[in-house]
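Accompanying notes for the structure given below.
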There are 2 protein chains.
Amino acid sequence: MSPTIKDVAQVAGVSIATVSRVVNGRGVKPETERVVLDTIEKLGYHVNLVARSLKTSKTQTIGLLVPDFGPFFMEIAKVIEEVLNGFGYSLIVCSSDENVEREQQRVIMLKEKQVDGMILVPSSEQANHLAEIQAEGVPVVLLDRMVSDFRGDCVLVDNVNGSYLAVEHLINQGYERIGLINGRQEVTTGQERYRGFRRVFEDYNMAVSEDLILNGNFTTESGYALMRQFLESPNPPEAVFVANYYMTIGALLAINELGIKVPESLGLVGFDSMDLTRLANPPLTAVVQPMRELGEEVARLIYERVNGDDSGFPRLLRLKPELVVRESSKMVRGLRTQEGPGSVLKRAHGA
Amino acid sequence: MSPTIKDVAQVAGVSIATVSRVVNGRGVKPETERVVLDTIEKLGYHVNLVARSLKTSKTQTIGLLVPDFGPFFMEIAKVIEEVLNGFGYSLIVCSSDENVEREQQRVIMLKEKQVDGMILVPSSEQANHLAEIQAEGVPVVLLDRMVSDFRGDCVLVDNVNGSYLAVEHLINQGYERIGLINGRQEVTTGQERYRGFRRVFEDYNMAVSEDLILNGNFTTESGYALMRQFLESPNPPEAVFVANYYMTIGALLAINELGIKVPESLGLVGFDSMDLTRLANPPLTAVVQPMRELGEEVARLIYERVNGDDSGFPRLLRLKPELVVRESSKMVRGLRTQEGPGSVLKRAHGA
DNA sequence: TCATTAGCAGTAAACGTTTACATTCTTACT
DNA sequence: AGTAAGAATGTAAACGTTTACTGCTAATGA
C-alpha cells in the first residue's frame, strides 16, 4: 500500500542504500539528497519503523506495567511519557490488575513486542519473571514498590517515614485512639507504611490498639468498606490514617455518605494530593508523594539503562514524601474528651 | 541474544516452518508438536512480534491520540485499553497538547509505527492529515470531537443537549444572571456546548448577558482565572455553567480560595462526575458524559474497522450525557433578590 | 498390487529496513 | 596526464517471521 524505500529508490533513480542514507542523514551528495527528498515528498513516503526495528533490534519503545489505571499511576505515567517522548521513545502502558499471573503475561507480551526496556510496578514479591527478562538483556526498573530478592534498579518513596509523619502529626494534635486503614501487605508500599505506623507508637511509647487496624487492599471499595466499619463500630477511632490514595477516596465517600463531620467527629489523614484532596470537604491532610519527580527519575533511569549506561547498578532512589497539613486533622480540643465511648455516628449526630 | 525460531528448529530437529506452525497452532503431528513445544520451553523461546508484524503487516496495536493526559481522557483511555486488550491489541497513547502541529507529528509517528488503526481526539478543525492517513489504508475513528470536512467514523457526545440540560436546570432553579465559562471554540465540543447554552435562552425567551460569557481554553488554569474574574467583577453572575471538567476544577479552586459559599452565593454547574465532583465541597451538579460507554464504543468500532468490517461507514455515534443534580445548584430562594448588584465576594462575606 | 489422495514437513521467498563491503566517480597532486 | 585517495553510490546479506509450493510418506480403494 504505502510506498517503501524501494519505490523511492526506483523513482529517484538511486539505490535503496542511498535513500536509506538520506533518511538517516548520512553523507550523501547535496544534489542527490535533493532528488531523494523530493521523491519522498512526492510519494508521501514514511519509514517503516517495524522493519527498522527488526534490523536494528531497537524499537524505541518502553513498556510500563502498572497495577491499575487509576489516577495515581496515570499521573506518573503522564510524566514518564513526557520525559521519554523527549528522548524519542514511546510508551506502551498496560495493567497487571494487582495480579501476579497477569503481570507475568504482560511482561512476556512486552518482551515479545521487543520493548527496549521496562518500567514495572510489581504486584507481589515474586521475582523470577523479572530476573528472567533482565537476564535476557532487557533493562528493568522497578517503580514505587520493591521486591526483595530482585537485584536491580528501583525508584521508590520513603514510605516508612511518610506514614510516620502522618501518624506523628495525629498524635501531636492530641489524638489517641488512632486507626489505620492498611494497604496490601504483599507489596512493599503496604508493608512500609504499616511499619511507619507502628514505629511512631514505639517512639512515643504508646500502645497501638490492634483492633483499630483494618486491612484493606488499596482499592477505593476497600477504603469505603473499612471506613464504614470504623464508623459503625461501637468504639470507633478518634482519627484514622488511610494508607493510600484510592482508599482515601473510598474513606471520604463513606464519611460523606454518613454525614460525619471532619475533623469535628473524626480526624483524617490520607494519601496524595491531587486536585481531589485539595478540594475535598474538608480539605484533606495528606502524605503527598513526589509523583512528578518519581516519573522523571524513573524515565531518566530507564533511558540511561537502555542506552547502555550501567553506572551504579543496581541503583536505589528513595524520594521523600511530604506531609501537607490541611483541615481534616485539626483536632478540636476538649470536644471529644467529654464524651464516653460510642459510635462516631452518635457523636456526629449529637446523640 | 534470545533464541529464535531457527534455534528451536535446529535443536528440535525440524524445519523452521514446522516450528512456526506449532507456534501458530496449525496442523502438525501431535508427537512433532510435543518435541517442538518441549524445545521451546527448554530454550525459553518467545516469538518476536516485530518480525511477525513485518511479515504479516499487522502490529496488533492501536494508536490513541488525545489532547492531554488529564483525568478525563485517561479515564476513557483506561476503558479503551481494557476492551482492546480483550481483543489481543495493545495501545500506544500519546498527546497532542491541543496543538495541531504536534498532532500531525504524532499521527505520522503512529503511522510509522504501523499501528493497525488510530483513535483520535482532534484538536482543531484541520482534516488533511487525517484524510491522508485514512487514504493510506489506516482506519481512523474520531473520539469526542468531530471535524466537519472529514468523512469518517465518530464517537461523540451530544454536547448541545448536555449543556442545554445544565443551563435549563439553572433557569428552572430561578437563576437569572447565568454566566458561562466557555470552552475552546476551535473544536466541536466547545462549539456545541456554547450552542446549547444560547439555545436555552432562545427557547425560554430570555436574553443572554453577553458580558457573562467568558472564553476559556479547557484548562484548569483558565477555569481558575475566569472564575476569579467573575467573582471579582462588580456585577457577577448568580450562577455559572462551566463547559468542561478541567475548567470546573479550576473554578472550584478559585471558589474555595475566595471562600465563596456555593450554592448560597453562587450557583454552579460543572462537567463530568469523577470522584472529585462527588466529593467536592459542595457536591457538584454536573453534566456527566458516559465515559465508559464512549471508550467501549470507540474501541469496538476501531476493532471492527481494523478487521475489515466497513459496515455503515461513516458511522456517527452520539451518546447522551446526563445531568446529575447535586447541591451546588440548589437556589436558595429569596436570598439573592434582596441584595443590589455587587461582587459575590461582598455577598459571601456579608458585606 | 498400483494409482490416487491426504496429511505432514521442508524449501525458499518475501516483508522493508540497515550496513559491510565493493565499486565507481571526483578531485587534486606529482 | 596519470594516479592515489577519498567521497559517493551500489550490491547484497541479514534481521525473524509467515506461507505458497513442493515433495515425501502412508493410507485408501479398486
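Throughout, a chain's letter reflects where its sequence line sits, starting with A, and its residues are numbered from 1.
dA12(D) atom P lies 17 Å from atom CD1 of I5(A), rounded to whole Å. Whole-Å rounding puts the K6(A) NZ to dA12(D) P distance at 13 Å. Following rounding to the nearest Å, I40(A) (CD1) and dT17(C) (C1') show an atom-to-atom distance of 13 Å. Protein atom CD of Q60(B) is 16 Å distant from nucleotide atom P of dT17(D), rounded to whole Å. One atom, CG of L54(A), and another, C1' of dT17(D), lie 8 Å apart when rounded to the nearest Å. To the nearest angstrom, C1' of dG16(C) lies 19 Å from NZ of K58(A). Atoms CZ (R21(A)) and P (dG10(D)) sit 8 Å apart, rounded to a whole Å. Nucleotide dG10(D) holds its P atom 13 Å from the CD atom of Q10(A), rounded to whole Å.
Between S15(B) and Y45(A), the residue whose closest nucleotide on DNA chain C is further toward the 5' end is S15(B). Position along DNA chain D of the nearest nucleotide to A51(B) versus A17(B) favours A51(B) as the more 5'-ward residue. Each of S20(A) and I16(B) was matched to the nucleotide of DNA chain C holding its nearest heavy atom; the match closer to the 5' end belongs to I16(B).
Across all strands, L49(A) comes closer than 4.0 Å to no nucleic acid atom at all (heavy-atom distances). Counting non-hydrogen atoms under 4.0 angstrom, V14(A) reaches the backbone sugars and phosphates but no base. Residue contacts for V50(A): at a heavy-atom cut-off of 4.0 Å it reaches no nucleic acid atom on any strand shown. S57(B) comes within 4.0 angstrom of no nucleic acid atom, judged by non-hydrogen atoms across all strands.
Side-chain to base pairing of K55(B) with dA14(C): one donor and one acceptor N or O lie within less than 3.5 Å of each other.
Dashed line: the shortest gap from a side-chain N or O of T56(A) to OP1 or OP2 of dT18(C) is not under 4.0 Å. In terms of phosphate contacts, N48(A) brings no side-chain nitrogen or oxygen within less than 4.0 Å of OP1 or OP2 of dC15(C). OP1 or OP2 of dT19(C) lies within a sub-4.0 Å distance of a side-chain N or O belonging to R26(A). When the side-chain nitrogen and oxygen atoms of T32(B) are compared with OP1 and OP2 of dC8(C), none of them lie within a distance under 4.0 Å.
Note: Y89(A) and Y303(A) have perpendicular aromatic rings, judged against thresholds of 30 and 60 degrees for the angle between ring planes.
A donor-acceptor contact shorter than 3.5 Å is absent between the side chain of R305(A) and the backbone of R300(A). In this structure, the side chain of D153(B) engages the main chain of R315(B) through a donor-acceptor pair within 3.5 Å. Looking at T61(A), its side chain does come within 3.5 Å of a backbone N or O of T59(A) through a donor-acceptor pair.
Rounded to the nearest 0.5 Å, atoms CG (L110(B)) and OG (S90(A)) are 8.0 Å apart.
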